[in-house]
A.B. asks: 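One structure, pasted below without further comment.
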Amino acid sequence: MRLYIGVDLGTSAVKLLLMDAQGGIKNVVSKEYPLEFPQPGWSQQNPEDWRKAVLEGISELLKGFNGADVAGIGCGGQMHGLVVLDKDDNVIRPAILWNDGRTAKQVEYLNETIGKEKLSALTANIAFAGFTAPKILWMRENEPENYAKIAKIMLPKDYVNYILTGVHACDYSDASGMLLLDVEHKCWSKEMLDICGVSENQMPKLFESFHCIGTVKPEIAKALGIGEDVKVAAGAGDNAAAAIGTGVVGEGGCNISLGTSGTVFISSKSFGVDKNNALHAFAHADGGYHLMGCMLSAASCNKWLMDEIFQATDYAAEQAPITDDKLGENHVYFLPYLMGERSPINDTNARGTFIGMTMDTTRADLVQAVLEGVAYAIRDSVEVARSLGIEIKSSKICGGGAKSPLWKKIIANILNAELECLESEQGPGMGGAMLAMVACGEYETVQAACDKIVHVASTVKPEPELVAKYEKCYQQFKKIYPACKQLFADFAKP
């Protein structure tokens, strides 16, 4: 029996799973690591913590199993993070993460001086604070000594693959979020590299997500108790990997991910760009392309409310008072911009905001407002896709927030779309393992792997009466950010 390891390198933890070729989950292990916030709006992590967590996690994952049965490893990882290595492959500084907001000045330079039109022509995207290219420019301006040491630029999951194989590699889906890739032609954009002052030699070699980049190094194989012939797939950015794990491949598939961040992911066989660049145009892990809307705080909004404000641990108990008769009737609204926002408003100054509270506002009203606020923000991206003529009548749903039946019901009715819940929902880790299967020849294509492994267990359907109520609420929600936009900008001034 051949086994495959899927690695989900998340923001707060790495989740590893052991899977057989039919999609059976044999074991799951999670290892947490710290996040650093050295200044307000900054977010970084030590890649050494990833290395330690992944290697310890794989050893734990394989307890009770024969390591010789492992055929391949595939990784899905948090996107956009800047990992820089020196000439000896030592990490130069902590990785600047996807949800870091320090690059407002560099983003403005790219979008206004270089110009959005030029950026879109070169990379199919415009600059966002989370993207990698602005981080490189920030380093050049603020840490010139570190910048001068850069021999290799990588993304978080690529560093894990380097630890396993010694190969500097990146896949097209993850590279798409760097603002350094010519997405349409799947190659590094020389002009963008020049703008950032780096060379192609400093960039990793590019692969399709399902291609093998190499085998596990002998010393790593020995330490983990696996064979030296274990293949490592290039892997994918977390959202593309999650889409593989939910079977969203080919033409017109959709997946909503309710993790720390939230995404709307729409797959396509052909390259296409939203003319306003409100959605990202990226390569997909199946060899095609996708459009994606990304919000920086999704399930993390609810976690913040529960953990930091209410100091509550029973999330389900907090949602229990929100009965069906309360849906579409809440007078409190919440802007879910706790880390600024990306799609579709692209505003690092935006902040989380409650509005509409009165003396009779209850604790449950605030919980409901947060769940609804995230759903409204997801709809903002869905509306952009719909404006392009893309029909979204149904979507897969995954991520920690998708474990809440109430949240799924709210989202289905706010979007007026069916939500398909999966038999086995293991997110990017499952997608990573499936990519490893294709890399090892277990399946000929990613589509074939999805057809065999991914199955829908249940469907949440919208209710016409509730859809109508939420339509009115959404129209109210849409007025809040434009009214607050200048205030956010004013508050951000020193």
A.B. asks: Within the supplied structure, the quantity of interest is the number of heavy atoms (other residues, nucleotides, ligands) at a distance under 6.0 Å from E143 CD; does it exceed 12?
C.D. replies: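 Count over threshold, so yes.
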A.B. asks: Test Y470 against every option in E372, R379, E463 by the side chain to side chain donor-acceptor pair (under 3.5 Å) rule and name the one that passes.
C.D. replies: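 Passing option: E372.
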A.B. asks: Assess whether atom CD of E471 is packed by more than 12 heavy atoms of other residues, nucleotides or ligands within 6.0 Å.
C.D. replies: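 Enclosed.
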A.B. asks: Applying side-chain contact (heavy atoms from CB on, under 4.5 Å), run through L119 and I114 and close with a yes or a no.
C.D. replies: CA-CA 7 Å; L119 293 178; I114 301 300; 3.9 Å; yes
A.B. asks: State, without any angle test, whether W98 and S43 hold a side-chain donor-acceptor pair at a distance under 3.5 Å.
C.D. replies: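 Not at all, the side chains of W98 and S43 share no donor-acceptor pair under 3.5 Å.
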A.B. asks: Checking H455 against S424: is there a side-chain donor and acceptor pair closer than 3.5 Å?
C.D. replies: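 No donor-acceptor contact under 3.5 Å links the two side chains.
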A.B. asks: For F488 together with F491, are the ring centres under 6.0 Å from each other?
C.D. replies: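 Ring centroids of F491 and F488 are no less than 6.0 Å from each other.
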A.B. asks: Check whether any side-chain N or O of E420 sits under 3.5 Å from a backbone N or O of S458 as a donor-acceptor pair, and report yes or no.
C.D. replies: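 No, E420 side chain to S458 backbone: no donor-acceptor pair under 3.5 Å.
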A.B. asks: If I compare all heavy atoms of V14 with all of A53, which pair ends up nearest, and what's the gap?
C.D. replies: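 Between these two residues, the closest heavy atoms are CG1-CB, 3.7 Å.
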A.B. asks: Is it true that a side-chain atom of N142 and a backbone atom of W138 form a donor plus acceptor pair closer than 3.5 Å?
C.D. replies: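 Indeed, once roles are kept as given, a pair shorter than 3.5 Å links the two residues.
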A.B. asks: Using a strict cut-off of less than 4.0 Å between a Lys/Arg side-chain nitrogen and an Asp/Glu carboxylate oxygen, indicate whether K105 and E141 qualify as a salt bridge.
C.D. replies: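 Counted as a salt bridge, because a side-chain N and a carboxylate O are separated by less than 4.0 Å.
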A.B. asks: Compare every heavy atom of A375 with every heavy atom of I411, then report the nearest pair and how far apart it is.
C.D. replies: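 It is CG1-CB, 3.8 Å.
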A.B. asks: Counting C-beta onward and ignoring hydrogens, is there a side-chain heavy-atom pair between I5 and V7 closer than 4.5 Å?
C.D. replies: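 Yes, their side chains come closer than 4.5 Å.
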A.B. asks: Within 45 degrees of the ring normal and closer than 6.0 Å to the centroid, is that where the cationic atom of R363 sits relative to F310?
C.D. replies: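 Verdict for F310: a cation-pi partner in R363.
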A.B. asks: Any donor and acceptor pair, going by atom type alone, linking the side chain of T353 with main-chain N or O of R351 inside 3.5 Å?
C.D. replies: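 Yes.
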A.B. asks: Regarding D171 and S173, is there a side-chain donor-to-acceptor distance under 3.5 Å anywhere?
C.D. replies: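 Their side chains do contain a donor-acceptor pair, which is all the 3.5 Å distance test asks for.
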A.B. asks: Are the charged groups of K157 and D174 less than 4.0 angstrom apart, N to O?
C.D. replies: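 Yes, this pair counts.
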A.B. asks: With no hydrogens and no angle check, is any side-chain donor or acceptor of S381 less than 3.5 Å from a backbone partner on V264?
C.D. replies: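 No: the side chain of S381 does not pair with the backbone of V264.
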A.B. asks: Could you tell me if the side chain of D8 sits less than 4.5 Å from the side chain of L16, heavy atoms only?
C.D. replies: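 SC-SC contact between L16 and D8 ruled out.
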A.B. asks: Would you check if M434 and I453 make a side-chain contact, meaning some heavy-atom pair closer than 4.5 Å?
C.D. replies: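 In contact.
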A.B. asks: Just checking, any donor-acceptor pair under 3.5 angstrom between side chains of Q311 and D307?
C.D. replies: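 Side chains of Q311 and D307: no pair found under 3.5 Å.
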A.B. asks: If the threshold is 4.0 Å, N to carboxylate O, is there a salt bridge linking E329 and K326?
C.D. replies: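 Between K326 and E329 there is no salt bridge, as every charged N stays at least 4.0 Å from the carboxylate O atoms.
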A.B. asks: Considering residues, nucleotides and ligands other than K15, do more than 12 of their heavy atoms fall under 6.0 Å from its NZ?
C.D. replies: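 At most 12 heavy atoms, drawn from other residues, nucleotides or ligands, come within 6.0 Å of this atom.
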A.B. asks: With a 4.0 Å cut-off on N to O distance, would you call K409 and D324 a salt bridge?
C.D. replies: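 Salt bridge present between K409 and D324.
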A.B. asks: So, D490 versus Q486: side-chain donor-acceptor pair below 3.5 Å or not?
C.D. replies: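 Yes, a side-chain donor-acceptor pair sits under 3.5 Å.
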A.B. asks: Around atom CD of E391, are there more than 12 heavy atoms of other residues, nucleotides or ligands at under 6.0 Å?
C.D. replies: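 Atom CD in E391 is not packed in, count stays at 12 or less.
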A.B. asks: Quick one: pull up SG in C75 and CG in D238 and give me the separation to the nearest 0.5 Å.
C.D. replies: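 Output value for this atom pair is 9.5 Å.
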A.B. asks: Between M295 and S261, is there a side-chain heavy-atom distance shorter than 4.5 Å?
C.D. replies: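 Contact flag for S261/M295 side chains = no.
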A.B. asks: Tell me, yes or no, whether the heavy-atom count around E32 atom CD, taken from other residues, nucleotides or ligands under 6.0 Å, exceeds 12.
C.D. replies: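 12 or below, so no.
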A.B. asks: V84 versus N146: any side-chain heavy-atom pair under 4.5 Å?
C.D. replies: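 A side-chain contact under 4.5 Å is absent here.
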A.B. asks: Only one of F334, Y481, Y337, F477 passes ring-ring contact (aromatic ring centres under 6.0 Å, His included) with Y376; say which it is.
C.D. replies: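 Of the listed options, the one satisfying the test is F477.
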A.B. asks: Does the gap between the ring centers of F265 and H290 come in under 6.0 Å?
C.D. replies: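 That pair passes the under 6.0 Å test.
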A.B. asks: Does NZ in K303 sit with more than 12 non-hydrogen atoms of other residues, nucleotides or ligands closer than 6.0 Å?
C.D. replies: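 Open: at most 12 neighbouring heavy atoms sit under 6.0 Å from NZ of K303.
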A.B. asks: Looking at CD of Q78 and CH2 of W50, how far apart are the two atoms once the value is rounded to the nearest 0.5 Å?
C.D. replies: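 Going from CD on Q78 over to CH2 on W50, the span is 5.0 Å.
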A.B. asks: Measure the shortest side-chain to side-chain distance between H331 and D365 over non-hydrogen atoms and say whether it is less than 4.5 angstrom.
C.D. replies: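 Yes - at least one pair of side-chain heavy atoms lies under 4.5 Å apart.
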A.B. asks: When the aromatic ring centroids of H280 and F128 are compared, is their separation below 6.0 Å?
C.D. replies: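 Aromatic pair counts; centres sit under 6.0 Å.
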A.B. asks: Would you find more than 12 non-hydrogen atoms of other residues, nucleotides or ligands less than 6.0 Å from E251 atom CD?
C.D. replies: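 Check passes, neighbour count above 12.
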A.B. asks: Check L110, L82, N111 against P134 for a side-chain contact (heavy atoms from CB on, under 4.5 Å) and give me the one that passes.
C.D. replies: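 Running side-chain contact (heavy atoms from CB on, under 4.5 Å) over L110, L82, N111 with P134 returns exactly one hit, L110.
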A.B. asks: Just so I know, are the side chains of V273 and S120 near enough to count as touching, which here means a heavy-atom distance under 4.5 Å?
C.D. replies: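 SC-SC contact between V273 and S120 confirmed.
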A.B. asks: Are any non-hydrogen side-chain atoms of V83 and D158 less than 4.5 angstrom apart?
C.D. replies: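 When only atoms from C-beta onward are counted, D158 and V83 do not touch, as no gap falls below 4.5 Å.
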A.B. asks: Set out, in order, the CA-CA distance, both residues' side-chain angles and the distance that settles side-chain contact (heavy atoms from CB on, under 4.5 Å) for D274 and V384, then state yes or no.
C.D. replies: CA-CA 8 Å; D274 152 35; V384 175; 3.7 Å; yes
